[in-house]
Amino acid sequence: MPAMNLARPVPPVFDTIEAERLHRKQRLAAGFRLFSRFGFDEGVAGHITARDPEFEDCFWVNPFGMHFGQIRVSDLLMVNHLGEVVVGDLPVNQAAFAIHSQVHAARPDVVAAAHSHSVYGKSWSSLGRVLDPITQDACAFYDDHAMFDDFTGVVLDTEEGKRIAYALGSGKAAILRNHGLLTVGQTVDEAVWWFITMERSCQAQLLAEAAGTPILIGHDMALLTSEQVGSHDAGWFSFQPLWDRIVREQPDLLD
Ligand SMILES: [Zn+2]
């Protein structure tokens, strides 16, 4: 009897640009539905972007003012490096362009970036501290996320976006002080997963510090755990059951 292949799945590769574009757009629409399901919506705030696989200075993004919970593949906009909507006929959030255009420009490895005003992320952001390695899950961010230690109102200027991208550095996430979380990934799946688990790690640290003094995981063990739960493939893989669930529950997201 042949041995079963028990290797963990890895991100797919595509034969055509069109197939890769459609895949990114489907994952992006699913990301918005999941953000809604997890309660990360706050009025019109928040954006997730996916770099186009062909026009690499363009990215796909949600229309300004459309609820995350209603976004379909066909609603997504493509925006160029000047902030012009080149596919779609709805407006783009200027803050989405100001932040994401600069992150995508500064980080060629980044395919997707996610940001919202989720409750625990913005609460934690007001403390002006990075997350500590207090749980196995939080170790995904150990030595791999940054604090953007400034707040100057709604980000409408690409110069501010540049400063956020600079603070992000080579990491997978940044905490924008008094604002919220920003995560990035080499796939849409990864960026969305990092956001979901980072929001929960903010919640966990807020709860733990409200109750007492958390015991920190030591440096060497936090680094080891980071390699286990914080890799690109681990982030991608963690998203797959969420994708399966949201597509089964809300198949219209693929329209
Ligand atoms: Zn924001």
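Just so you know, these numbers use all the heavy atoms, side chains as well, and skip hydrogens, waters and symmetry mates. All of these numbers come straight from a predicted model, not from anything done at the bench. When a ligand or atom number is given, it counts from 1 through the structure's own listing order.
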So side chain to side chain donor-acceptor pair (under 3.5 Å) across residues 210-224, not counting sequence neighbours, yields Tyr142-His219
How close do Thr183 and Ala173 get, counting heavy atoms only, and between which atoms? CG2-CB, 3.9 Å
What residues, two or more places apart in sequence or in another chain, satisfy side-chain contact (heavy atoms from CB on, under 4.5 Å) together with His117? Glu42, Ala45, His115, Lys122, His179
Going by the rule side-chain contact (heavy atoms from CB on, under 4.5 Å), which residues pair with Asp137 if we only count those two or more places apart in sequence or in a different chain? Thr135, Thr197, Ser201
What do the steps show when you test Lys25 against Asp52 for salt bridge (charged side-chain N to carboxylate O under 4.0 Å, His left out), and what is the final call? CA-CA 9 Å; Lys25 291 170 69 179; Asp52 189 76; over 6 Å; no
Shell check on the Zn ion (ligand 1): protein N, O or S atoms less than 2.8 Å away are His115 NE2, His117 NE2, His179 NE2
Would you call Glu249-Arg37 a salt bridge at under 4.0 Å N-O? yes
